[in-house]
Enquirer: 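First, the structure itself, so that you have it in front of you.
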Amino acid sequence: MSDSSPNLDIESGRQALGGARRIIVLTGAGISADSGVPTFRGPGGLWKDHRPEDLATPGAFARDPRLVWEWYGCRRTLVAQCEPSVAHLALARWAAGRDGIRIITQNVDGLHAEAARRCARKRQLAPAGTSERTPAQDAGAVLELHGSLFRTRCPGCGASRESRESIDATSEATLPRCDRCGTTLRPDVVWFGESLDSQVLERSFELAEQAGACLVVGTSGVVQPAASIASVSARAGAVIVEVNPEPTPITKLADVSLRGRAAEIVPELV
Ligand code: OAD
């Protein structure tokens, strides 16, 4: 950042992003707060009432898979009822309509992917001649750093698959099992003490180094390695634009810091 007082105006944010050929968008739980998905930290955050070590570690799953699935089952049910916010939709339209924009998210709620699907469907319904897939759409898959609530993974054989059915966590016997080897499946999310998917992580850092701008939306910026994506971009010379109602450790890197909710600011910004 150039000085200690970040720029607070949306037009400066637009100009900063408009000047870059390659842009990454790093998002966190705050972007989904406007869709009704609870964040992790702050008032009402999931980690206020629950201990991560009881629910989101390999040890917790080994000790009590039923309890872990009960919690993830509840989260799946809640998130399945949530819709992408205007911020998810604006980012999806932006990424689909322009080359060189990639969304990297820490969220496991699938709302960026859902927004992209809706955006693609709308484009298919557009008048003839306007519905071809652009290179931006083909390259535009969202990079999900922390996995997905709607995927399961087999700790036995490693098979991973999409899964949207509701979870019966009444007993260990009713938990989902692997079709191939019978092992109790786990949610395909990254737990504390685990490594992120190396391909997703490497690609994210590669994009961070190449980006001319990095838009950071709704993350507390305290969980590594995701948080250092913004600092890698900043070190490589990218402009950093942050959208968050609160200051975060990323604010000191930001050239433009926009204080407010993602749903208010992002559609105007992009
Ligand atoms: P946090 O819950 O740590 O932070 C949410 C951020 O969103 C805070 O900085 C809020 O100020 C901001 N925020 C709240 N409402 C907002 C809104 N309407 N618009 C914009 N911003 C808003 O969530 P993350 O930073 O995503 O990891 O947390 C990172 C990781 O910690 C998560 O992916 C999860 C968690 O433990 C795993 O489970 C591996």
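Since the model is a prediction, treat every value here as computed from it, not as a measurement. One-based numbering, in listed order, for ligands and for the atoms of each. Numbering of residues begins at 1 and proceeds along the displayed sequence.
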Enquirer: So, using salt bridge (Lys or Arg N to Asp or Glu O under 4.0 Å) as the criterion, who are the partners of E144 when residues are at least two apart?
Expert: R151
Enquirer: For the residue pair T152 / D188, report whether a side-chain donor-acceptor contact shorter than 3.5 Å exists.
Expert: no
Enquirer: Any non-hydrogen side-chain atom of L17 less than 4.5 Å from a side-chain atom of L215?
Expert: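 Yes. Closest side-chain heavy atoms under 4.5 Å.
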Enquirer: Side chains of S198 and E202: any donor to acceptor distance under 3.5 Å?
Expert: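 No, no side-chain donor-acceptor pair sits under 3.5 Å.
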Enquirer: Test your reading of the model: is there a side-chain donor-acceptor pair from W191 to the backbone of G59, 3.5 Å cut-off?
Expert: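 A pair under 3.5 Å: no.
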Enquirer: Going through the distances and angles, do E172 and T184 end up as a side chain to side chain donor-acceptor pair (under 3.5 Å)?
Expert: CA-CA 9 Å; E172 276 192 36; T184 302; 5.9 Å; no
Enquirer: Given a heavy-atom cut-off of 4.0 Å, could you list the residues near ligand 1 in chain and number order?
Expert: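 Ligand 1 is contacted, at a heavy-atom distance under 4.0 Å, by G28, A29, G30, A33, D34, T39, F40, R41, W47, Q106, H146, V190, F192, G218, T219, S220, V223, N244, P245, E246, R261, A262.
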